Number of protein chains: 2
Amino acid sequence: MQSRTSVLIEGFARREGTERTGPCPVRDVLDRVSDKWSILLVVALAVRTRRFSALQRAVPDISKRMLTQTLRDLERDGLITRQVFPTKPPSVEYRLAPLGQSLLDPLASLMDWAGRRHAEISAARVRYDATGS
Amino acid sequence: MQSRTSVLIEGFARREGTERTGPCPVRDVLDRVSDKWSILLVVALAVRTRRFSALQRAVPDISKRMLTQTLRDLERDGLITRQVFPTKPPSVEYRLAPLGQSLLDPLASLMDWAGRRHAEISAARVRYDATGS
DNA sequence: CTGCATCCTCTAGGATACTG
DNA sequence: CAGTATCCTAGAGGATGCAG
């Protein structure tokens, strides 16, 4: 099973030599994925729908500022939806949109890789640092 | 097929409420993936083995500084290997290590997603911006 | 050619305080 | 509770020049 991989890589590499007609769409999307908090929030919302403060508890080391901003970005991209309940005090629920759901599978394969290869990577680091020092 | 996804998400979410015994391994690895240049270089090296200057041409908007640094990090993590040829002037070849190869599949599924959903995301953005303005 | 070292800029992002 | 506004710092990262 090399076909899918190579096709995608070719598509990704096609930029080489071609004058950019605008930013590469794949890179554009990957930029969002490689955002520091986006993945964390998507995963947090994959577990269940959550409110603002619940998200802050789920991802403890995010600041309110970044939480708000990242949620806005994800909403703008159609990955999550935001529903306001005009109670008193108001509450807001965030949930994964279908588009966000569709991201879970690729994300899972990445996290799966991370989990399986983590030990190997740590070992490589130790080895490298030992040699270098 | 929800099993694999949900298992991983649970593993990822398990941190909640647990005092951290150190940084989450998955997050640790994802930090590398979400590095601005790492993925680009891995993909560039997936196509073929390349030398330093060739990599700079493959990823035109990377600076020498960042190229060197990212290559070191990838080498340290065991994702790529570096081979020096003591010619005159010297040349250095970078190639994907097996560990790096193993990343291509998860990466492909992400890029596949990006490619397929990009239009949808762009549309969502336009819609969001239109409403907001 | 490869790649450090230096300097300098710019912005992501944290802390804090305030509002509907 | 769910944000917004302001301020401010650390670190990412570009440009340049030198060296092996």
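Since the structure is predicted, the reported quantities are computational estimates derived from the model, not experimental observations. Letters A, B, ... mirror the listed sequences (proteins, then strands); counts begin at 1. These values consider heavy atoms only, across backbone and side chains, with no hydrogens, waters or symmetry-generated copies.
Note on the helix from dC1(C)-dG20(D) to dG20(C)-dC1(D): angle between the axes of the first and last five pairs equals 50°, rounded to 10 degrees.
Here dG3(D) presents its P atom at 14 Å from CG of Asp73(A), a figure rounded to the nearest Å. Atom CZ of Arg50(A) and atom P of dC1(D) are 16 Å apart (whole Å). Distance, Asp35(A) CG to dT11(C) P: 16 Å, rounded to whole Å. One can place CZ of Arg51(A) at 9 Å from C1' of dA2(D), the figure rounded to the nearest angstrom. At whole-Å resolution of the value, CG in Leu67(A) and P in dA15(C) are 14 Å apart. As a whole-Å value, the separation of Arg82(B) CZ from dC4(C) P is 7 Å.
Annotation for Thr87(B) and Ser91(B): closest pair OG1-N, 3.5 Å, computed over non-hydrogen atoms.
With hydrogens and angles ignored, the 3.5 Å screen pairs no side-chain donor or acceptor of Thr70(A) with any backbone N or O of Leu67(A).
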Practice item. Tell me, with the steps shown, if Phe52(B) and Lys64(B) meet side chain to side chain contact (heavy atoms under 4.5 Å, CB included). Key: CA-CA 9 Å; Phe52(B) 188 87; Lys64(B) 256 196 309 185; 4.1 Å; yes
Exercise for review: Show your working on salt bridge (charged side-chain N to carboxylate O under 4.0 Å, His left out) between Asp129(A) and Arg125(A) and close with a plain yes or no.
Suggested key: CA-CA 6 Å; Asp129(A) 293 346; Arg125(A) 283 183 190 169; over 6 Å; no
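For dA2(D), neither phosphate oxygen OP1 nor OP2 lies less than 4.0 angstrom from any side-chain nitrogen or oxygen of Thr68(A). Between Arg57(B) and dC1(C) there is no side-chain N or O to OP1 or OP2 distance below 4.0 Å. For the OP1/OP2 pair of dG3(C) and a distance below 4.0 Å, the side-chain nitrogens and oxygens of Arg72(B) include at least one atom meeting the criterion.
Separating the CG atom in Leu96(B) from the OG1 atom in Thr49(B) is a distance of 8.5 Å, to the nearest 0.5 Å. Rounded to the nearest 0.5 Å, atoms CD (Glu93(A)) and CD1 (Ile80(A)) are 12.5 Å apart.
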Scan the side chains in residues 33-45 of chain B for donor-acceptor partners under 3.5 Å anywhere in the protein, sequence neighbours excluded, and list what turns up.
residue, atom, partner, partner atom, Å
Ser34(B), OG, Leu30(B), O, 2.9
Ser34(B), OG, Asp31(B), O, 3.1
Asp35(B), OD2, Trp37(B), N, 2.9
Asp35(B), OD2, Ser38(B), N, 3.1
Asp35(B), OD2, Ser38(B), OG, 3.1
Ser38(B), OG, Arg32(B), O, 3.4

Each nucleotide N or O in nucleotides 14-16 of chain D that has a protein N or O under 3.5 Å away: list the pair and distance.
residue, atom, partner, partner atom, Å
dG14(D), OP2, Ser63(B), OG, 2.8
dG14(D), N7, Arg65(B), NE, 3.4
dG14(D), O6, Arg65(B), NE, 3.0

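Projected onto DNA chain C by closest heavy-atom contact, Leu71(B) and Gln69(A) fall at different nucleotides, the more 5' of which corresponds to Leu71(B).
Backbone-only engagement by Tyr94(A) is indicated by non-hydrogen atom pairs under 4.0 Å involving sugar-phosphate atoms exclusively.
Looking only at side-chain heavy atoms (C-beta outward), Arg65(B) and Gln69(B) come within less than 4.5 Å of each other.
In this model, no donor atom of one side chain and acceptor atom of the other lie less than 3.5 Å apart for Tyr94(B) and Arg50(B).
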